[in-house]
Number of protein chains: 2
Amino acid sequence: MTDTNTLKPKYIQVFDDLLERISNGVFPVGSTLPTEKELCAEFGISRYTVREALRRLAERGIVERRQGSGSQVVAENGPQVYSHRMQSISELHQYATLTKLDYIDSKMVIVDDEIAQILGRPSGSKWLQVDALRRNPQGRALNYTRIYINEAFRKIEPELHDLSGPHYDLIEARFGVSVSEAVQTISAEVFPEDVAKALGRSEKSWSVLAIRRYLALDDMPIQTSFNWTPAEEFSYVMHLKRDD
Amino acid sequence: MTDTNTLKPKYIQVFDDLLERISNGVFPVGSTLPTEKELCAEFGISRYTVREALRRLAERGIVERRQGSGSQVVAENGPQVYSHRMQSISELHQYATLTKLDYIDSKMVIVDDEIAQILGRPSGSKWLQVDALRRNPQGRALNYTRIYINEAFRKIEPELHDLSGPHYDLIEARFGVSVSEAVQTISAEVFPEDVAKALGRSEKSWSVLAIRRYLALDDMPIQTSFNWTPAEEFSYVMHLKRDD
DNA sequence: CGATATTATATGTCCGGACAAATAATGAAA
DNA sequence: TTTCATTATTTGTCCGGACATATAATATCG
């Protein structure tokens, strides 16, 4: 390596060099990088040092390496810059710890087009619909929640009323299917009539609707919950930190 | 290594072995792992192989390695389970790409207790307050934004009206201070009177308020923006994926 | 020509070694 | 006893090598 860069390890210099060539199109996304052997020759360094540079590119998700076939460029920049991290998926809803669900109703339903689209299944699909009020320890209703549970897991219904934790934990315990991804959508709307009534709100009052989809591998929907909270009572915080 | 484990690379076996000893208390959080040299002797393997195992522990955040002093156990398990990741902090607000800010006003202000607390500075602190409407390409107003920019960066004011990107990018370019963390709070409230007026909404109508704080290192506030969006027009999506 | 076998290639695992840099421990001087 | 210098230790950088494994390319066979 050149003396003008002696403050950095060689593998960082090679990493930087390759990264620059990737970002300015010499090695565009979809292309194959030179082999380890070729890079050793080009930079006049050992294979170990080349591999350290390539490993860092792979860790950043910029390159994918495959034994026998080489290193493919799969992205121009590291995919992640900022992240919001949780130790448990249950942090997604940000309820105080001691709230509990007061069950109103559960039944098998066939959902219409609009709901089916949100649930990620065809129109006409069947779901176990569970309605409940979430209450704080003093018994006050905080919000209304309607959960659609994938038909495949409907056998958990008898256990619902004794449930202290989230439904997806019970589904995982009973069926071995775990949440691999969750999608939350926050929007605002006027309370649906039945929800307003259950919460003792007037018909035209505003709510914040948080829809939370819980997916297993291959985007298989486990359950989706619709949560209506009175607008003035809703608050949600996200912390994004830079990945260094 | 023993023959009963020949399906796994040696370094994975050592990684697994150390991980088990960490989780069952042989090497508790706060303790120091055996040196590389000791591990080589214990497992009868090369230093390279030991280092690969230790590197994986370090990548998982379980161990911190320090030249000259060894490997300290800092956590029992990998710290994060689910994460929502963004390539750019500007993804935090989820505006369509082609919206632009239509500036209404900018001035130095002294903020009261309530705002100061949100901004993370003492009451009475000075801020460059910038008010604007965000418009889509057709010119329709989407929301009202009020930005409080740290007094230390007020010299960017003359450049605001020509600005096409986010303020914090300009601050980074001019002052070399970059966003290391962002905090977004989403809640709902009736529109403030002046905001409702500017957006042509009635006084009692609902908005969703997204407050976004942009912090540099050591929690130094760079800027904070308050964004009022008509309730029925607000929607926000988060994707959480499990870190594998 | 298509399918299968063989060979070549490219990355993965692992070894041993040497020197550099950061930290800890020990010894000497004030 | 405290401070500073020296030595020892520990991890980091980098070299060279060998064999294993997965994939790609080429050759052979039906």
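Below, chains carry the letters A, B, ... as their sequence lines are ordered, and counting in each starts from 1. This one's a predicted model, so the numbers in the text were calculated from it and none came from an experiment.
Salt-bridge annotation for B:Glu151 and B:Arg154: present, with a side-chain N of the basic residue lying under 4.0 Å from a carboxylate O of the acidic one. A salt bridge links A:Glu42 to A:Arg21: one of the charged nitrogens lies within less than 4.0 Å of a carboxylate oxygen. Remark: A:Arg56 does not engage B:Glu59 in a salt bridge, criterion side-chain N to carboxylate O under 4.0 Å.
Straight-line distance from the CZ atom of A:Phe43 to the P atom of D:dC15: 12 Å, rounded to whole Å. Counting to the nearest Å, the C1' atom of C:dC15 and the OH atom of B:Tyr11 are 15 Å from each other. The NZ atom of A:Lys10 sits 14 Å away from the C1' atom of D:dG12 (whole-angstrom rounding). B:Tyr48 places its OH atom 16 Å from the C1' atom of D:dT11, with the value rounded to the nearest Å. C:dT11 atom P lies 13 Å from atom CG of A:Leu57, rounded to whole Å. Rounding to whole angstrom units, CG of residue A:Leu33 and C1' of C:dA10 are separated by 13 Å. Between A:Lys8 atom NZ and C:dA21 atom P there is a gap of 17 Å when expressed in whole angstrom units. A straight line from CZ of B:Arg65 to P of C:dA24 spans 16 Å, rounded to a whole angstrom.
Between D:dT11 and B:Lys37, no contact under 4.0 Å exists linking OP1 or OP2 to a side-chain N or O. Contact annotation: A:Thr49 reaches the phosphate of D:dC15 (side-chain N/O to OP1 or OP2, under 4.0 Å).
You'll find the ring centres of A:Tyr148 and A:Phe226 inside the 6.0 Å limit.
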### Query
Checking side chain to side chain donor-acceptor pair (under 3.5 Å) for the pair B:Arg134/B:Thr145: CA distance, chi angles, key distance, verdict?
CA-CA 7 Å; B:Arg134 180 170 296 275; B:Thr145 189; 5.9 Å; no
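Which of C:dG12, D:dG12, C:dA10 sits closest to the side chain of B:Arg51 comes down to D:dG12. Among the nucleotides D:dC15, D:dT10, C:dG12, the one closest to any side-chain atom of A:Ile45 is D:dC15. For A:Ser46, the listed nucleotide lying nearest its side chain is D:dC14; candidates were C:dT13, D:dC14, C:dT11.
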### Query
Which letters describe nucleotides 17-26 of chain D, given B = protein heavy atom under 4.0 Å from base, S = only from sugar-phosphate, - = neither?
-B-BBBBS--
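Residue A:Tyr168 is tested with A:Phe175, A:Tyr214, A:Phe153 for a ring-ring contact (aromatic ring centres under 6.0 Å, His included); the sole match is A:Tyr214.
The shortest non-hydrogen separation linking B:Ser187 to A:Ser235 is CB-CA, 4.2 Å.
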